[in-house]
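Worksheet for the structure shown next.
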Amino acid sequence: MVPVFSPKSVCQQDKLISDKDSGWQPGTIRRAWHIACSSQPAVVRPPPAGHGAIDNQNKRDTMLRIFKHYIPKTLVLLGVAEALILLVSIYLGAILGFAVEDMSLADRFAVGLPLWAKAALFSTVMLVGMTAMGFYQRDQRDGPALTLLRLGLSFAFGFVMMGAAYFVYPPLTVGWPAFGVALLCSFIGIATCRLICSAHTDAQFSRRVLVLGVGERAKQIENLRRSSDRLGISIVGYVDIGVDQQLVTEAKVIRPKATLRELAERFAVDEIVVAIDDRRRGFPVHDILDCKMHGINILEESVFYERQLGKIRLDALHPSNVIFSDGYTPAVLKQTEKRLIDVTAAALLLLLTVPVFLITALAIKLESKGPIFYRQARVGRRGDVFQVYKFRSMRPDAECNGAVWARSNDDRVTRVGRFIRKVRIDELPQLINVLNGDMSFVGPRPERPEFVQELARAIPYYDLRHYVKPGITGWAQVCYPYGASIKDAREKLQFDLYYIKNYSVFLDLTILLQTVQVILWGKGAR
């Protein structure tokens with residue numbers, strides 16, 4: 001097992017790696033190695049020859065890229081484990097539940113679908129419910145109580161959906177005693193997996209990262225404090241090659257006398273992130289190429305942020321990143337498949353929400369005078385202005401003095417308006433915009449022309465978001481709370497650019513499912 005870098009090990013070790021052994025100059029990091037999960041303190045030396053990044057590259061890939069969307073391997077493994085728990089639960093339910101009914105498995109499944117098909121359906125429905133409750137978001141940091149609450153809501157969703165499936169197509173049923181036992185077993189199994197196993201999963205797949213640079217760009221990497229931002233990585237140190245003004249904490253700086261490859265192999269580095277402020281002043285091309293050819297992954301700072309944060313950092317984005325990227329290309333086939341999904345889903349959802357439309361319209365009319373719906377100019381694809389439809393949630397005179405940003409606890413919002421905003425019912429009329437072709441289900445949220453002019457002047461690359469259709473929901477809405485300032489618009493643009501670059505039907509479905517938990521938990525509503 002590769003040694004893991006740990007501040008705690010400094011207090012446990014009797015001996016530290018000396019400057020002479022490591023080849024470092026004074027002022028560099030003085031850390032000790034320790035073996036992961038070892039309970040006995042021991043003096044651990046640098047990895048032996050041949051036991052470095054090359055051998056560990058494959059097993060240390062902590063991010064899987066599925067349809068160009070980065071997903072932590074820990075979440076994938078957790079999903080696979082929970083899918084197996086769900087599958088096994090159906091079989092346990094069949095054995096125990098049918099014993100209660102005094103019926104053999106052979107008799108119970110003489111008709112209908114085979115048990116494996118019913119187990120697959122059960123697992124799929126329950127996993128969809130868990131995804132909709134935010135179980136597979138990388139920034140999920142809930143405590144045990146909230147985790148159990150989310151799991152309970154996921155299972156309630158699964159119970160309703162499975163009940164509907166059994167009603168529509170009876171051959172799908174496994175019998176209510178068997179179904180009840182399966183629900184109980186899977187709930188206990190998944191809760192145990194979440195509360196015990198998931199806390200230790202990431203450490204086993206931590207990827208050792210060496211940052212090349214000690215200036216402003218390296219400092220921004222050092223400032224990544226959230227555990228979700230550092231998911232799957234362990235920063236070994238920051239290498240000073242003598243071209244940047246040092247802004248990184250001195251204790252984390254490495255000034256090696258050895259070559260970059262020798263340093264990387266000494267610390268079993270899996271990848272090197274290039275974060276040099278000014279590459280024209282000095283860029284170690286041959287050293288980096290040597291590392292690349294020896295199997296060490298080399299990342300640009302912008303790609304590192306994209307993978308770790310799920311967004312495109314504007315301060316790390318250059319025109320060449322857009323021009324030469326394999327993303328940012330809305331192919332005709334992608335647009336066609338997206339349009340077919342939009343029209344089908346919008347028509348179906350309109351039919352299902354007719355009662356919601358009627359109740360909301362009545363409530364708005366009873367509370368205050370004024371129109372039920374309102375139209376507002378928004379900027380769409382390629383800068384075209386269109387009229388967006390929404391349920392009226394403010395007083396009729398809310399913008400008599402001109403357009404202003406929405407505020408927290410805005411006194412212009414009516415009581416009915418506050419509720420329909422909280423649960424996003426006010427957005428339902430935008431399904432008409434989707435059918436008209438002005439909007440898509442998923443995409444950057446459309447802004448008002450008055451704000452777009454101001455934002456385009458203040459934020460670089462802001463107009464890039466207008467090369468795709470705006471959406472009812474989007475990656476920025478899932479990952480970032482409500483934005484009501486230029487600073488918020490800048491943060492949301494970084495998520496929008498990630499979506500535009502990495503668009504796929506898979507990413508759209510992921511966003512739609514995660515939007516459910518945004519609505520249920522009232523994230524970002526104003």
Side-chain angles (χ1 to χ4, degrees), residues 23-29 53 207-224 229-230 233 235-267 269-309 311-329 456-464 490-491 493-494 497-498 500-502:
W24 301 345
Q25 296 178 1
T28 190
I29 303 177
R207 192 173 182 85
R208 297 176 62 77
V209 176
L210 189 67
V211 180
L212 192 61
V214 293
E216 179 61 36
R217 295 182 182 276
K219 181 66 176 178
Q220 291 174 2
I221 294 178
E222 184 186 19
N223 288 338
L224 297 178
D229 296 342
R230 303 173 73 95
I233 63 170
I235 304 293
V236 173
Y238 300 81
V239 181
D240 185 1
I241 60 174
V243 298
D244 293 339
Q245 178 185 356
Q246 182 186 328
L247 298 177
V248 174
T249 304
E250 175 66 23
K252 300 179 182 179
V253 176
I254 299 175
R255 298 186 182 90
K257 292 180 180 178
T259 66
L260 184 61
R261 179 173 64 85
E262 290 171 344
L263 181 67
E265 289 181 346
R266 178 180 295 275
F267 289 101
V269 169
D270 297 296
E271 66 186 19
I272 296 174
V273 178
V274 179
I276 302 172
D277 287 345
D278 189 354
R279 298 184 184 181
R280 295 170 297 180
R281 293 179 55 195
F283 188 74
V285 177
H286 295 293
D287 280 347
I288 292 177
L289 184 59
D290 188 26
C291 292
K292 178 77 173 180
M293 298 309 293
H294 278 79
I296 301 172
N297 193 29
I298 309 296
L299 287 182
E300 282 194 308
E301 175 199 11
S302 59
V303 178
F304 173 79
Y305 284 132
E306 180 181 347
R307 185 190 69 186
Q308 293 299 130
L309 308 180
K311 65 182 181 181
I312 307 293
R313 284 282 294 261
L314 292 179
D315 47 16
L317 183 64
H318 305 284
S320 59
N321 298 134
V322 180
I323 295 171
F324 298 110
S325 171
D326 61 349
Y328 305 106
T329 52
R457 288 192 298 267
I459 305 174
Y461 305 104
Y462 187 80
D463 284 335
L464 288 180
R490 179 186 177 90
E491 286 294 319
L493 175 62
Q494 297 179 119
L497 292 179
Y498 176 91
I500 295 170
K501 180 185 177 184
N502 300 297

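Keep in mind it's a predicted model, so treat the numbers as computed, not measured.
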Worksheet item: Taking only residues two or more places apart in sequence, or in another chain, which ones meet H318 in a side chain to side chain contact (heavy atoms under 4.5 Å, CB included)?
Response: R217, S320, N321
Worksheet, complete the sentence: Sorted by chain and residue number, the side chain to side chain contact (heavy atoms under 4.5 Å, CB included) partners of R457 (sequence neighbours excluded) come out as Q453, E454
Any side-chain heavy-atom pair from [X] and [Y] closer than 4.5 angstrom?
{"X": "I235", "Y": "K252", "value": "no"}
{"X": "V322", "Y": "L497", "value": "no"}
{"X": "F267", "Y": "L210", "value": "no"}

So does [Y] get a backbone contact from the side chain of [X], meaning a donor-acceptor N/O pair under 3.5 Å?
{"X": "R490", "Y": "I459", "value": "no"}
{"X": "D244", "Y": "Q246", "value": "no"}
{"X": "D270", "Y": "R208", "value": "yes"}
{"X": "T259", "Y": "E262", "value": "yes"}

Nearest atoms (heavy-atom pairs only) where [X] meets [Y]:
{"X": "Y461", "Y": "P319", "answer": "OH-CD, 3.2 Å"}
{"X": "V248", "Y": "Y238", "answer": "CG1-CD1, 3.6 Å"}
{"X": "G242", "Y": "D240", "answer": "N-OD1, 2.8 Å"}
{"X": "I272", "Y": "C291", "answer": "CD1-SG, 3.8 Å"}
{"X": "V211", "Y": "A275", "answer": "CG1-CB, 3.9 Å"}
{"X": "G213", "Y": "A218", "answer": "O-CB, 3.2 Å"}

[atom2] on [Y] to [atom1] on [X], rounded to 0.5 Å:
{"X": "F304", "Y": "E271", "atom1": "CZ", "atom2": "CD", "answer": "7.0 Å"}
{"X": "I276", "Y": "F283", "atom1": "CD1", "atom2": "CZ", "answer": "5.5 Å"}
{"X": "L212", "Y": "I254", "atom1": "CG", "atom2": "CD1", "answer": "10.5 Å"}
{"X": "Q308", "Y": "L224", "atom1": "CD", "atom2": "CG", "answer": "8.0 Å"}
{"X": "I500", "Y": "I312", "atom1": "CD1", "atom2": "CD1", "answer": "10.0 Å"}
{"X": "I288", "Y": "M293", "atom1": "CD1", "atom2": "CE", "answer": "14.5 Å"}

Fill in: Under the ring pair (Phe, Tyr, Trp, His ring centres under 6.0 Å) test, residues paired with Y498 that sit two or more places apart
H69, W475
Discussion item. Applying the side-chain hydrogen bond (donor to acceptor under 3.5 Å, both in side chains) criterion to E306, which one of Q494, K311, K501 satisfies it?
Written reply: K501
Fill in: R313/E301 salt bridge by N-O under 4.0 Å criterion
no
Worksheet entry | Sidechain N-carboxylate O distance under 4.0 Å for E250, R255 | yes
Discussion item. Applying salt bridge (charged side-chain N to carboxylate O under 4.0 Å, His left out), can you list everything that pairs with E216, at least two apart in sequence or on another chain?
Written reply: none
Worksheet item: With R279, which residues qualify under salt bridge (charged side-chain N to carboxylate O under 4.0 Å, His left out), at least two apart?
Response: E300
Worksheet, complete the sentence: salt bridge (charged side-chain N to carboxylate O under 4.0 Å, His left out) pairs touching residues 283-298, sequence neighbours excluded, are R261-D290
